[in-house]
Amino acid sequence: MKPAPFIYHAPKTVEEAVTVLAEVASKDGRVLAGGQSLVPAMAFRLALPAHLVDINGVRGLDRLAVDGNDLSIGACVRHAAFHRPVTDGPLGALLSHVARHIAHYPIRTRGTFCGSLANADPASEWCLVAATLDAKMVARSVRGVRTIAATDYFQGAMTTALAADELLVEVRLPLLSTDTRFGFCEFSRRAGDFAIAMTLATYRLEKGVMTQPRVGVGGVEARPRRIAEAEAVLEGKRPAADVFRAAADIVARSIAPLGDIKYPSRYRRDVARAMTRRALESAAA
Ligand SMILES: Cc1cc2nc3c(=O)[nH]c(=O)nc-3n(C[C@H](O)[C@H](O)[C@H](O)COP(=O)(O)OP(=O)(O)OC[C@H]3O[C@@H](n4cnc5c(N)ncnc54)[C@H](O)[C@@H]3O)c2cc1C
């Protein structure tokens, strides 16, 4: 199938982009970034935008840089930009490791980090990273700029706190201290498929014990989230198999997994338990 007709806009500046968005938001206007989710949806006529605001020519949106204590990721930064570490510390290594689990190479050269966050698929790897590391989302509109914390940003499956006339211009991820260990583990049927369940775990290793642990789970509920009960089990403990098993069991008890005909809820729960244990083991390795 071919997409339904639409009017195409190609702004050159952020100001132009948000001005056009303000005009077309109430007329089924949508932002076009990498097009790797929106264009297939249009081809299947699952999405019928009357206007597309293509941000690929907007100056400055491809910025990827360290800003103070954050890594700033502009709206046009592609998944493939993270294939190699973009910072010296653990954050660069973490992003590089995770990036390779997203779709396939050609999709990673077009799809954008911010597009994944705007799309908010429950099984998006970048959404899990943003939720686990407490990213900040920077949204622009003709009304001004606002920064949205990850806990407020993800509202449900494919649903975020972004208003229809807002452009997600930047995502800010906090840099990780050099003593941070991380582990990411994902299970999908085939390489490049969306995750059935995945876990990102980080902690600092100070004098042999784990501090500031973070355990985020994605692909199992409508939105990715940290599991505070599992983090509490890790805090102050030495990395050990029995501690990791206890945290993974708590994750399995704390989640309410989505179920479907292929992957029932109890199956996703078991996979999430296994992914959590393996992510923690990988962080300790
Ligand atoms: C075969 C296939 C396999 C895939 N596998 C995976 C996978 O394993 N993991 C994964 O995470 N993704 C996967 N994807 C999706 C891919 O990562 C997309 O690139 C991503 O979901 C959306 O980014 P995009 O830049 O392509 O956004 P687009 O498709 O251009 O837009 C997606 C949505 O977000 C909105 N949007 C985009 N950017 C902005 C912005 N800056 N501000 C406001 N709204 C915006 C659009 O209006 C649209 O509603 C896959 C896609 C395909 C086709």
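Read the numbers this way: they start at 1 and go in the same order the structure lists the ligands and their atoms. All residue numbers refer to positions in the sequence shown, counting from 1. Predicted model only: the values in this text are computed from it and were never measured.
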What are the atoms of ligand 1, with element, lying closer than 4.0 Å to any heavy atom of [X]?
X      : result
Arg30  : 47 (O), 49 (O)
Leu167 : 40 (C), 41 (N), 42 (N)
Asn119 : 21 (O), 32 (C), 33 (C), 34 (O)
Gly192 : 5 (N), 8 (O)
Ala33  : 25 (O), 30 (O), 37 (C), 38 (N)
Glu125 : 7 (C), 8 (O), 9 (N), 10 (C), 11 (O)
Asp193 : 8 (O)

task: Check side-chain contact (heavy atoms from CB on, under 4.5 Å) between Asn119 and all other residues, then give those that pass, not counting sequence neighbours.
output: Ser37, Asp121, Met158
Checking [X] side chain against [Y] main chain: does a donor-acceptor pair fall under 3.5 Å?
X      : Y      : answer
Glu170 : Gly74  : no
Ser116 : Cys114 : no
Ser124 : Ala120 : no

message: With salt bridge (charged side-chain N to carboxylate O under 4.0 Å, His left out) as the criterion, how do Glu229 and Arg253 come out once you've worked through the C-alpha distance, each side chain's angles and the decisive distance to 0.1 Å?
response: CA-CA 10 Å; Glu229 302 88 328; Arg253 281 203 297 276; over 6 Å; no
Identity and distance of the protein heavy atom lying nearest [atom]:
atom                    : result
atom 8 (O) of ligand 1  : Ala103 N, 3.2 Å
atom 1 (C) of ligand 1  : Ile107 CD1, 3.5 Å
atom 24 (P) of ligand 1 : Gly34 N, 3.5 Å
atom 42 (N) of ligand 1 : Leu168 N, 2.9 Å
atom 15 (C) of ligand 1 : Ser37 OG, 3.5 Å
atom 25 (O) of ligand 1 : Thr112 OG1, 2.6 Å
atom 28 (P) of ligand 1 : Gly35 N, 3.4 Å

Tell me which one of [options] gets a heavy atom nearest to [atom].
atom                    : options                : value
atom 29 (O) of ligand 1 : Val31, Leu38, Asp54    : Leu38
atom 34 (O) of ligand 1 : Ala118, Ser188, Cys114 : Ala118
atom 17 (O) of ligand 1 : Arg78, His79, Gln36    : His79
atom 20 (C) of ligand 1 : Ala75, Ser116, Gly111  : Ser116

message: Test ring-ring contact (aromatic ring centres under 6.0 Å, His included) on Phe82 and Phe113; report intermediate values, then the result.
response: CA-CA 9 Å; Phe82 300 94; Phe113 187 103; 5.7 Å; yes
I'd like to know whether ligand 1 has [X] as a neighbour, heavy-atom separation below 4.0 Å.
X      : answer
Ile102 : yes
Ala47  : no
Phe194 : yes

- request: Let me see the working for Trp126 and Leu117 under side chain to side chain contact (heavy atoms under 4.5 Å, CB included), right down to the final yes or no.
  value: CA-CA 7 Å; Trp126 290 146; Leu117 265 70; 3.7 Å; yes
message: Are His83 and Tyr105, when compared by the centres of their aromatic rings, separated by less than 6.0 Å?
response: yes
Between [X] and [Y] (salt bridge meaning N to carboxylate O under 4.0 Å), is one present in this structure?
X      : Y      : value
Arg146 : Glu166 : yes
Arg214 : Asp134 : yes
Arg238 : Asp242 : no

I'd like a table of donor-acceptor pairs (distance under 3.5 Å, sequence neighbours excluded) in which one partner is a side-chain atom from residues 42-59, with atom names and distances.
from  : atom 1 : to    : atom 2 : distance (Å)
Arg45 : NE     : Lys2  : O      : 2.8
Arg45 : NH2    : Lys2  : O      : 2.9
Arg45 : NH2    : Pro3  : O      : 3.4
His51 : ND1    : His9  : NE2    : 2.8
Asp54 : OD1    : Asn56 : N      : 2.9
Asp54 : OD1    : Asn56 : ND2    : 2.7
Asp54 : OD2    : Tyr8  : OH     : 2.4
Asn56 : OD1    : Arg78 : NH1    : 3.2
Asn56 : OD1    : Arg78 : NH2    : 2.7
Asn56 : ND2    : Ala33 : O      : 2.8

message: For a quick test of reading the model, state the closest non-hydrogen atom pair linking Ser265 to Pro257 and the distance between them.
response: OG-O, 3.1 Å
